[in-house]
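Hydrogens, waters and symmetry mates play no part in the numbers below; they use all other heavy atoms, side chains included. Each chain gets a letter, A, B and so on, in the order the sequences are listed, and its residues count up from 1.
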Number of protein chains: 2
Amino acid sequence: MAGKVEARKAALREKLVEAAEIRIARDGAGALRARDLAQDAGCALGAIYTAYDDLNAIIMAVNGRTFRKLGVAVRASVAEADSEPPTRRLILMSNAYLHFADANTNLWRALFDLQMQSGGAVPDWYMAALEDLFANIAQPVSELFPDKGAEDAGLMVRALFSSVHGIVLLGLERRISGVPPEQIERMIAQVLNQIGQPSEK
Amino acid sequence: MAGKVEARKAALREKLVEAAEIRIARDGAGALRARDLAQDAGCALGAIYTAYDDLNAIIMAVNGRTFRKLGVAVRASVAEADSEPPTRRLILMSNAYLHFADANTNLWRALFDLQMQSGGAVPDWYMAALEDLFANIAQPVSELFPDKGAEDAGLMVRALFSSVHGIVLLGLERRISGVPPEQIERMIAQVLNQIGQPSEK
DNA sequence: CAGTATTTTGAACGCAGTTCAAACAGAAGG
DNA sequence: CCTTCTGTTTGAACTGCGTTCAAAATACTG
């Protein structure tokens, strides 16, 4: 039976990402240790490297799961909000983004903590996951700025995502921003309401 | 002579930050190695730890210099622009921020890459340097939103800084954003012009 | 110049990620 | 049931890191 070995390896991969996810969520991606992981997954140290190229690959696998959860959270925030005005929908999604980042800080940080040195190329599925996130805000943006061409609209989508990301990023870094979490929502709303306000004719 | 030893230590500290700055600028803070640093500074490995607590403290010292240079660049961008409208001044400063980050990517990244685990507290001068950065944009913001109270204005200042920071951060990460650098300016302008537009009254 | 205090040094320690020779388990043949 | 062969699993060992600290070098003092 050839599938037996495959199945075993798949089970190991699964156990490893699960263990890694728990540890990253608790202590951050920087504190992930191969030896701890082997212990948690009940495998030998070397076994890790039969399932993944290196620790970074495991972090990337965890990132894949995190992206999925983040996508679910963001989409859920506007699932029942079709009839809300676009600015309101942007705020709902941004707040969902904020709350996800706040509740899963270490996992969320790992998403943007790609080990910059290693290799260089980001996997395709990673880019695709980001595009998916962008896609959520493309609709409200096109409603807000119907006159913009495809290129400008695309830039605006990225710009808005990046803005909210920046506010959440520095906002959650209490030590840096000095802003308590409950005020981050207000900052997002201030910026998005301002952006979404109708132009003076 | 007691000052002799002090002077020597001060010279060593200086040589170490300079060497560290060069290496960080070239290879990033994550690639800084104690042994390389000792070689560059022409001192023994252990000597590093007579001048600084650890490598992190040296990175922080480099961050101090980077903050000063960044402050100079941002202030210079609006030095002759007193009579420009506030939105225009915000855009000028943001572009200066972008260009500084683009030209000194590794040094700039190190500013926000504080080793989150170590200690926890950020030094006072670091917070003060950030406040200085914020202070630059407080003036245009108060002109744009004269009705906002002190608290809301403060939040808006932080929100705008964070937004621009986010746009620059993800924008410079070509692998993530897929946006060529010359378009980042357009994103910033789109967002700030939108925010600065007069309300429909 | 001897003796003492201070500073500087780099070998050594502990702890990482990763490798790979050896131990092992399973299948096939005798 | 044992032997051999094959592919898998293992964890000791290798390398490279930040950091320490006993010893060597240097500077001070009587």
Chemist: Rounded to whole angstrom units, what separation is found between the CG atom of A/Asp36 and the P atom of C/dA16?
Modeler: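 The answer, rounded to whole Å, is 7 Å.
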Chemist: So B/Arg35, base contact, sugar-phosphate only, or nothing? Heavy-atom distance under 4.0 Å.
Modeler: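 It contacts base atoms.
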Chemist: Whole angstrom is fine here: how far is it from CG in B/Leu37 over to C1' in C/dG10?
Modeler: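 Going from B/Leu37 (CG) to C/dG10 (C1'), I get 16 Å.
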Chemist: Would you list the atom pairs, donor with acceptor, under 3.5 Å between side chains in residues 35-46 of chain A and any protein atom, with sequence neighbours excluded?
Modeler:
{"residue": "A/Asp40", "atom": "OD1", "partner": "A/Arg23", "partner atom": "NH1", "Å": "2.9"}
{"residue": "A/Asp40", "atom": "OD2", "partner": "A/Arg23", "partner atom": "NH1", "Å": "2.4"}

Chemist: Closest to the B/Arg33 side chain: D/dC17, C/dT9, D/dT10?
Modeler: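 Per side-chain heavy atoms of B/Arg33, the pick is D/dC17.
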Chemist: Students often mix this up, so state it plainly: with edges at 30° and 60°, are the rings of A/Phe161 and A/His165 parallel, tilted or perpendicular?
Modeler: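 Parallel: the ring planes of A/Phe161 and A/His165 meet at under 30°.
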Chemist: Closest approach of A/Leu12 and A/Ala51, non-hydrogen atoms and distance?
Modeler: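 Shortest heavy-atom separation between A/Leu12 and A/Ala51 comes out as CD2-CB, 4.1 Å.
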Chemist: Quick one: closest heavy-atom pair of A/Val168 and A/Ile188, and the distance?
Modeler: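 In this case the closest contact between A/Val168 and A/Ile188 is CG2-CD1, 4.2 Å.
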Chemist: So which heavy atom on B/Ala81 is nearest to which on B/Arg89, and how close?
Modeler: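 Closest pair (atom of B/Ala81, atom of B/Arg89, distance): O-CD, 3.1 Å.
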Chemist: Could you tell me how far apart B/Ile48 (CD1) and D/dT19 (P) are, to the nearest whole angstrom?
Modeler: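 Going from CD1 in B/Ile48 over to P in D/dT19 covers 9 Å.
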Chemist: Could you state the atom-to-atom distance from CG of B/Leu55 to C1' of D/dG18 in whole Å?
Modeler: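 Going from CG in B/Leu55 over to C1' in D/dG18 covers 7 Å.
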Chemist: Rounded off to whole Å, could you give me the OH-to-P distance for the A/Tyr52 and C/dT19 pair?
Modeler: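 Taking OH of A/Tyr52 and P of C/dT19, I get 17 Å after rounding.
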Chemist: How would you label the contact of A/Leu12 with the nucleic acid (heavy atoms, under 4.0 Å): base, sugar-phosphate, or nothing?
Modeler: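 No contact.
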Chemist: How is B/Leu45 classified with respect to the nucleic acid when contacts are heavy atoms under 4.0 Å: base, sugar-phosphate, or nothing?
Modeler: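 Base: the residue B/Leu45, judged by heavy atoms under 4.0 Å, touches a nucleobase.
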Chemist: Taking side chain as C-beta onward, heavy atoms only, is A/Val164 less than 4.5 Å from A/Val191?
Modeler: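 No, too far: nothing below the 4.5 Å cut-off.
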Chemist: Give the rounded distance in Å between these two atoms: NZ of A/Lys9 and P of D/dT10.
Modeler: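 Spelled out: NZ on A/Lys9 to P on D/dT10 is 11 Å.
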Chemist: Between C/dT7 atom C1' and B/Arg8 atom CZ, what is the distance in whole Å?
Modeler: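 Interatomic distance, CZ of B/Arg8 to C1' of C/dT7: 8 Å.
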Chemist: Identify, residue by residue, the members of residues 15-30 of chain B with a heavy atom below 4.0 Å from DNA chain D, and return them in order of residue number, or none.
Modeler: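 Heavy-atom contacts with DNA chain D come from no residue of residues 15-30 of chain B; none.
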Chemist: Is there a donor-acceptor contact under 3.5 Å linking the side chains of B/Gln190 and B/Gln194?
Modeler: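 No, B/Gln194 and B/Gln190 have no side-chain donor paired with an acceptor closer than 3.5 Å.
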Chemist: Nearest whole angstrom, please: distance from the C1' of D/dC14 to the OH of A/Tyr49.
Modeler: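 It works out to 13 Å between those atoms.
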Chemist: Heavy atoms under 4.0 Å, any strand shown: does A/Ile58 hit a base, just sugar-phosphate, or nothing?
Modeler: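 It contacts nothing in the nucleic acid.
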